[in-house]
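Nothing here was measured: the structure is a model prediction, and the numbers come from that model.
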Amino acid sequence: MESRKLKIRDLTLRDGQQSLFATRLSQSEIDKLLPYYENAGFYIMEVWGGAVPDSVMRYLDESPWDRLRIISKAMKGKSLLSALSRGRNLFGYVPYPDTVLEGFYKEAIANGLNVMRIFDALNDIDNVKESIRLINQLGGIADGAVCYTVDPKNEEPAEKPGFFARLFGKKAAEPEKIFTDEYFVNKALEMERLGAKIITLKDMAGLVNPLRAAAIISKLKAVLKVPVDFHTHCTPGYGLASCLMAILNGVDILDTNIWWFSGGSAAPALELIYIFCKKLGIEVEANMEAVGEIRERLLAARESLKAFDLGKLQKPFDPLKDTLPADVDALFDKAIAAAKALDEAALLDACHAIEAYFGFPKPNEIVKNAEVPGGMYSNMVAQLKALGASDLLDDAMRLIPMVRRDAGLVPLVTPTSQIVGSQAVSVALDRKKGQPDYSNPSNQFISLVKGEYGHTPVPVDPAFREKLTGSPVEKPYDVASYKKPANPKLDEFGGVPLASNNEEELLLELLPTVANTFLRKRRQEEYEAKHAAEAPAAAEVKEEPKAPQEPITGPTLRAPMGGRIISVDVKPGDKVSKGKLLLVYEAMKMENDVEAEGDATVKRVFVQPGEVVYTDAVLIEFE
């Protein structure tokens with residue numbers, strides 16, 4: 001009888017570096033790895049999508065399209081290349097018309113993409129069906145990802161009740177469970193019916209515990225005709241054990257990372273999965289000798305990322321050459337026995353002991369107990385620190401279940417994790433200032449409640465929707481209102497257009513702010529190279545001394561929290577009436593409209609687009 005085989009999707013070059021090293025792996029470092037990846041025999045390599053298109057332009061000044069082309073050329077078709085996209089949102093925060101989806105997917109496939117993993121933050125099938133159709137039609141492989149999440153806990157009180165209150169007080173009624181096994185299975189069946197060629201259970205926060213992984217994977221295998229993939233992270237400490245359970249329950253494809261880019265907030269290490277499979281008589285479809293070559297060079301790649309490396313190095317390990325101590329080898333056997341016996345506690349103990357031996361990070365108990373993605377938690381910590389309000393972290397964490405329920409019980413995955421997390425911080429600030437909850441809702445939170453992101457798992461309370469949006473009626477995003485970003489001619493660089501071809505125009509559509517900066521640099525470089533010989537030496541420009549600023553005497557508009565100015569819609573002398581848009585600023589990655597609170601005349605504007613401001617900074621003075 002032929003042994004069972006397990007296909008591997010390697011995440012190292014996308015999700016691995018994104019989860020652990022802020023997506024800062026440069027193309028020059030990737031180029032050193034590609035000759036060895038060519039022969040690694042991975043079924044799929046995830047190399048694109050997620051934060052890569054944004055980050056490589058924003059931080060590395062590299063072209064996302066070049067990255068995809070270079071990897072595709074080096075792989076010579078020996079592994080399928082995959083990317084991650086958010087259905088109708090692609091990599092942005094608004095739904096795009098079908099014409100944009102088609103143009104983007106066509107360009108991606110032409111540049112070497114094979115598999116597009118498509119998910120929607122709300123698990124709204126309407127938001128993924130057109131992407132599935134287009135990917136199949138254009139010759140790609142549509143991978144439908146069902147986002148795993150859990151029902152939120154009840155909001156904890158700021159102060160723990162006393163003994164007698166706990167003893168005699170009434171317990172709050174448990175809300176109805178929404179995210180049952182059947183919920184995920186039904187979403188998977190809908191995606192398969194629409195044409196998905198792979199179904200992924202995508203556990204972006206690492207919250208699926210081993211018994212739940214066993215239950216859902218076994219049910220998916222029982223009803224689906226297409227291969228089942230499992231994707232998880234190790235942040236809360238379930239990852240390795242849940243992957244073992246997925247293997248035992250028949251998963252076809254497993255997402256892993258190579259040693260130095262694994263564990264912690266990333267997916268489990270392929271090397272540990274290989275040991276488990278060897279003991280189970282399951283063939284891992286990967287050339288582990290080639291993996292060893294990659295692993296050897298990944299250590300240097302990790303060294304290049306030390307500015308973003310928050311963890312300590314684990315022990316080096318080669319599963320083909322190194323002999324494990326007997327007691328450590330026995331831990332793998334104990335984990336397998338516990339998994340087969342459905343003894344979750346013993347399974348987790350064994351897997352945590354294995355990870356501890358090799359020096360992988362311990363489970364993050366805060367993330368585990370809060371049941372939020374690790375990236376969402378770290379974002380909140382960073383945002384509150386930037387606002388000088390780190391003392392509000394506990395309050396914001398307690399508010400997440402309330403905000404999530406108010407928004408329709410959305411799963412916490414990009415972008416909803418950022419929207420909910422930022423709004424929880426904002427409500428915590430409201431309460432600190434003695435203001436009503438949701439005094440400062442972000443534009444994205446308003447859009448979510450309005451219905452522009454799609455259908456939420458449970459309906460939003462119409463009264464809450466009316467409070468935030470002015471209408472109790474759900475209103476989907478009107479794609480007819482979508483306006484393609486302008487592609488201006490740059491007079492300063494000889495009148496050339498900002499985007500010079502179709503792929504650059506797509507970058508402008510998907511990521512307008514960062515692409516604008518990136519493409520301006522390209523046009524400037526081209527212009528300067530063309531005119532280098534004739535350009536005279538730049539004369540030194542002396543800065544005129546600034547006139548002293550007159551004191552502020554009139555009423556002012558101040559920043560509710562620190563952020564970056566996106567646009568300013570008024571100028572000195574403008575007469576504004578109540579509700580008039582004054583400016584838009586970005587705080588905690590969310591955009592916020594600031595409107596006039598009454599009739600007034602603008603005296604002075606103290607900020608301009610792109611400027612970073614701090615909490616309570618004066619933005620506008622009125623007469």
Side-chain angles (χ1 to χ4, degrees), residues 53-54 85-107 118-122 124-134 407-408 410 414-416 418-419 422-423 440-456 459-460 462 464-488 497-499 502 504-516 565-570 576-587 589-596 609:
D54 182 310
S85 82
R86 301 196 285 268
R88 289 174 66 206
N89 294 350
L90 293 173
F91 308 126
Y93 274 69
V94 296
Y96 290 99
D98 293 348
T99 52
V100 176
L101 295 180
E102 183 170 7
F104 170 75
Y105 290 140
K106 187 180 289 184
E107 194 74 32
I118 305 153
F119 77 95
D120 176 64
L122 307 184
D124 183 354
I125 297 300
D126 286 345
N127 283 343
V128 299
K129 62 184 181 183
E130 188 61 17
S131 289
I132 291 173
R133 185 187 73 79
L134 284 168
V410 293
T414 305
T416 51
Q418 183 61 37
I419 295 171
S422 296
Q423 196 60 53
N440 294 289
S442 71
N443 293 355
Q444 284 81 5
F445 190 74
I446 292 169
S447 295
L448 178 62
V449 170
K450 188 183 288 185
E452 291 185 350
Y453 281 88
H455 301 296
T456 51
V460 172
F464 181 74
R465 180 181 286 123
E466 185 171 22
K467 174 185 170 184
L468 259 69
T469 73
S471 170
V473 181
E474 181 180 81
K475 292 180 182 175
Y477 180 78
D478 180 11
V479 292
S481 69
Y482 172 79
K483 292 179 181 177
K484 185 174 180 176
N487 184 17
L498 176 62
N502 183 54
E504 290 187 346
E505 286 186 30
L506 282 166
L507 292 179
L508 264 183
E509 287 197 89
L510 299 178
L511 301 158
T513 304
V514 67
N516 193 299
I565 304 299
I566 301 293
S567 64
V568 179
D569 295 78
V570 292
V576 299
S577 55
K578 184 177 181 179
K580 160 71 177 172
L581 180 66
L582 302 174
L583 55 82
V584 180
Y585 77 99
E586 180 188 68
K589 299 186 181 179
M590 298 292 108
E591 291 182 7
N592 300 265
D593 288 349
V594 179
E595 299 173 344

Shortest non-hydrogen contact from D478 to S481? O-OG, 2.5 Å
How many angstroms lie between CZ in R86 and CG in L122, if you round to the nearest 0.5 Å? 12.0 Å
Any luck finding a side-chain donor-acceptor pair between E130 and Y96 under 3.5 Å? no
To check you understand the geometry: which heavy-atom pair defines the closest contact between L508 and N516, and what is its length? CD2-N, 4.1 Å
Please determine whether the number of non-hydrogen atoms from other residues, nucleotides or ligands lying under 6.0 Å from atom NZ of K106 exceeds 12. no
Nearest 0.5 Å, please: how far is CG in N443 from NZ in K450? 9.5 Å
The criterion is side chain to side chain donor-acceptor pair (under 3.5 Å); which residues satisfy it with K484, sequence neighbours excluded? E505
For S442, does its backbone N or O pair with a side-chain atom of Q423 as donor and acceptor, under 3.5 Å? yes
Considering residues at least two apart in sequence or located in another chain, which fulfil the side chain to side chain contact (heavy atoms under 4.5 Å, CB included) criterion with S567? D569, V584
L134 and E102 have their tightest heavy-atom pair at CD1-N, 3.8 Å
Closest contact, heavy atoms only, A515 versus L507: CB-O, 3.5 Å
Taking only residues two or more places apart in sequence or in another chain, which ones pass side chain to side chain contact (heavy atoms under 4.5 Å, CB included) with E504? A499, S500, N501, L519, R523
For S131, which residues count as a side chain to side chain contact (heavy atoms under 4.5 Å, CB included) partner, sequence neighbours excluded? L101, Y105, I118
Would L582 and V576 count as a side chain to side chain contact (heavy atoms under 4.5 Å, CB included) if you check the C-alpha gap in whole Å, the side-chain angles of each, and the deciding distance to 0.1 Å? CA-CA 8 Å; L582 302 174; V576 299; 4.1 Å; yes
Side chain of S422, backbone of I419: donor and acceptor closer than 3.5 Å? no
D124 and Y453: CA distance, side-chain angles, deciding distance, side chain to side chain contact (heavy atoms under 4.5 Å, CB included) verdict: CA-CA 9 Å; D124 183 354; Y453 281 88; over 6 Å; no
Kindly indicate, with the supporting measurements, whether the criterion side chain to side chain contact (heavy atoms under 4.5 Å, CB included) is fulfilled by F104 and L90. CA-CA 9 Å; F104 170 75; L90 293 173; 3.6 Å; yes
Any sub-3.5 Å donor-acceptor pair from N127's side-chain atoms to R88's backbone N or O? no
When every non-hydrogen atom of S577 is compared with those of A596, the smallest separation belongs to O-CB, 3.5 Å
Minimum heavy-atom separation for L448 and A407, please, with both atom names. CD2-CB, 3.9 Å
Check side chain to side chain donor-acceptor pair (under 3.5 Å) between D54 and all other residues, then give those that pass, not counting sequence neighbours. R58
Please test E107 against N502 for side chain to side chain contact (heavy atoms under 4.5 Å, CB included), starting from the C-alpha separation and ending with a verdict. CA-CA 8 Å; E107 194 74 32; N502 183 54; 2.8 Å; yes
Return the CG to CG distance between D120 and N89, rounded to the nearest 0.5 Å. 7.0 Å
Hey, does the side chain of D126 reach the backbone of G454 with a donor-acceptor pair shorter than 3.5 angstrom? no
Do P609 and V568 come close enough that some side-chain heavy atom pair is under 4.5 Å? yes
Which atom pairs, donor and acceptor, lie under 3.5 Å between side-chain atoms of residues 468-477 and protein residues at least two apart or in another chain?
from: T469; atom 1: OG1; to: R465; atom 2: O; distance (Å): 2.7
from: T469; atom 1: OG1; to: S471; atom 2: N; distance (Å): 3.3
from: T469; atom 1: OG1; to: S471; atom 2: O; distance (Å): 3.0
from: S471; atom 1: OG; to: V473; atom 2: N; distance (Å): 3.2
from: E474; atom 1: OE1; to: H455; atom 2: ND1; distance (Å): 3.3

